[in-house]
Amino acid sequence: MANPALIGPKLYEKFVFPYTKELTDYALERTGKKVSLHMCGATYSIWKYIEQYQLNEISLDNIVDLDRAARELGKKVPIAGNVDPVQSMLNGTKEEIFADVQKCIELGSSAEKGFHLTTGCDIPDGTSPEKVDWFMEAARLYGKKR
């Protein structure tokens, strides 16, 4: 609910950033491990804050330009994303899922701090398990080429 499209970057800076920073720092201090964070929506206006969190990865919504994220945000933090969960996973064909996975791997792999292939948000209820298998098959195929 802290998406900048909902609350705006100024309110994010005041009410979300300091507490999320405190939590990510605390998690690393207590466990020795960084956490993962998913942020829905277009997050461009808060990347300067995301870069300051102690993150294992930032999971990006499928509406975020993955090429831009890899070039800009991927210099500071590992990125994850962003296969379309509705158009590809729920409604797509095998060929469309393979194409989306391939595109995401190609774009995301240029992130300096690393890239993790995921969907751009939760996979919708009702998605055929076969489509998850196709996603994994495509990930194995195109991920090996990297």
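Here the structure is a predicted model, which means the values were calculated and not measured.
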Which residues satisfy the salt bridge (Lys or Arg N to Asp or Glu O under 4.0 Å) test with [X], sequence neighbours excluded?
{"X": "E13", "result": "none"}
{"X": "E51", "result": "none"}
{"X": "D65", "result": "none"}
{"X": "K14", "result": "none"}

Do [X] and [Y] make a side-chain contact, defined as non-hydrogen atoms from C-beta onward lying under 4.5 Å apart?
{"X": "V35", "Y": "N56", "result": "no"}
{"X": "I97", "Y": "D100", "result": "no"}
{"X": "L117", "Y": "F135", "result": "yes"}
{"X": "K76", "Y": "Q52", "result": "no"}
{"X": "Y53", "Y": "V77", "result": "no"}

- Task: Identify, with sequence neighbours excluded, every residue that meets ring-ring contact (aromatic ring centres under 6.0 Å, His included) alongside Y44.
- Result: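 ring-ring contact (aromatic ring centres under 6.0 Å, His included) check on Y44 returns W47.
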- Please name all residues satisfying ring-ring contact (aromatic ring centres under 6.0 Å, His included) with Y49, sequence neighbours left out, ordered by chain then number.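 Counting only residues at least two positions away or on another chain, Y49 forms a ring-ring contact (aromatic ring centres under 6.0 Å, His included) with Y12, F17.
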Atom [atom1] in [X], atom [atom2] in [Y]: separation rounded to 0.5 Å?
{"X": "I79", "Y": "E57", "atom1": "CD1", "atom2": "CD", "result": "10.0 Å"}
{"X": "L66", "Y": "S110", "atom1": "CG", "atom2": "OG", "result": "8.0 Å"}
{"X": "E96", "Y": "W134", "atom1": "CD", "atom2": "CH2", "result": "10.0 Å"}
{"X": "L73", "Y": "K48", "atom1": "CG", "atom2": "NZ", "result": "13.5 Å"}
{"X": "L6", "Y": "L11", "atom1": "CG", "atom2": "CG", "result": "11.0 Å"}
{"X": "K34", "Y": "Q54", "atom1": "NZ", "atom2": "CD", "result": "5.0 Å"}

[X] to [Y] - nearest heavy-atom pair and separation:
{"X": "G120", "Y": "P85", "answer": "N-CD, 4.0 Å"}
{"X": "V64", "Y": "A42", "answer": "CG2-CA, 4.3 Å"}
{"X": "I105", "Y": "S109", "answer": "O-OG, 2.5 Å"}

- Message: The test is side chain to side chain donor-acceptor pair (under 3.5 Å); show your working for N82 and N62 and say whether it passes.
- Response: CA-CA 5 Å; N82 64 349; N62 56 286; over 6 Å; no
With sequence neighbours left out, write down each residue that passes side-chain hydrogen bond (donor to acceptor under 3.5 Å, both in side chains) with [X], or none if nothing qualifies.
{"X": "S59", "answer": "H38"}
{"X": "D61", "answer": "none"}
{"X": "K113", "answer": "none"}
{"X": "D25", "answer": "K21"}

Does [X] belong to the same Ile/Leu/Val/Met/Phe/Trp/Tyr cluster as [Y], with side-chain heavy atoms less than 4.5 Å apart forming each link?
{"X": "V101", "Y": "L90", "value": "no"}
{"X": "L107", "Y": "L141", "value": "yes"}
{"X": "M136", "Y": "V83", "value": "yes"}
{"X": "Y26", "Y": "I50", "value": "no"}

- Message: Quick test of your reading: applying side chain to side chain donor-acceptor pair (under 3.5 Å), list the pairs with at least one residue in residues 117-130, sequence neighbours left out, ordered by first then second residue.
- Response: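 Side chain to side chain donor-acceptor pair (under 3.5 Å) check on residues 117-130 returns no pairs.
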- Any ring pair (Phe, Tyr, Trp, His ring centres under 6.0 Å) pairs touching residues 94-127, not counting sequence neighbours?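 Listed by first then second residue: nothing to list.
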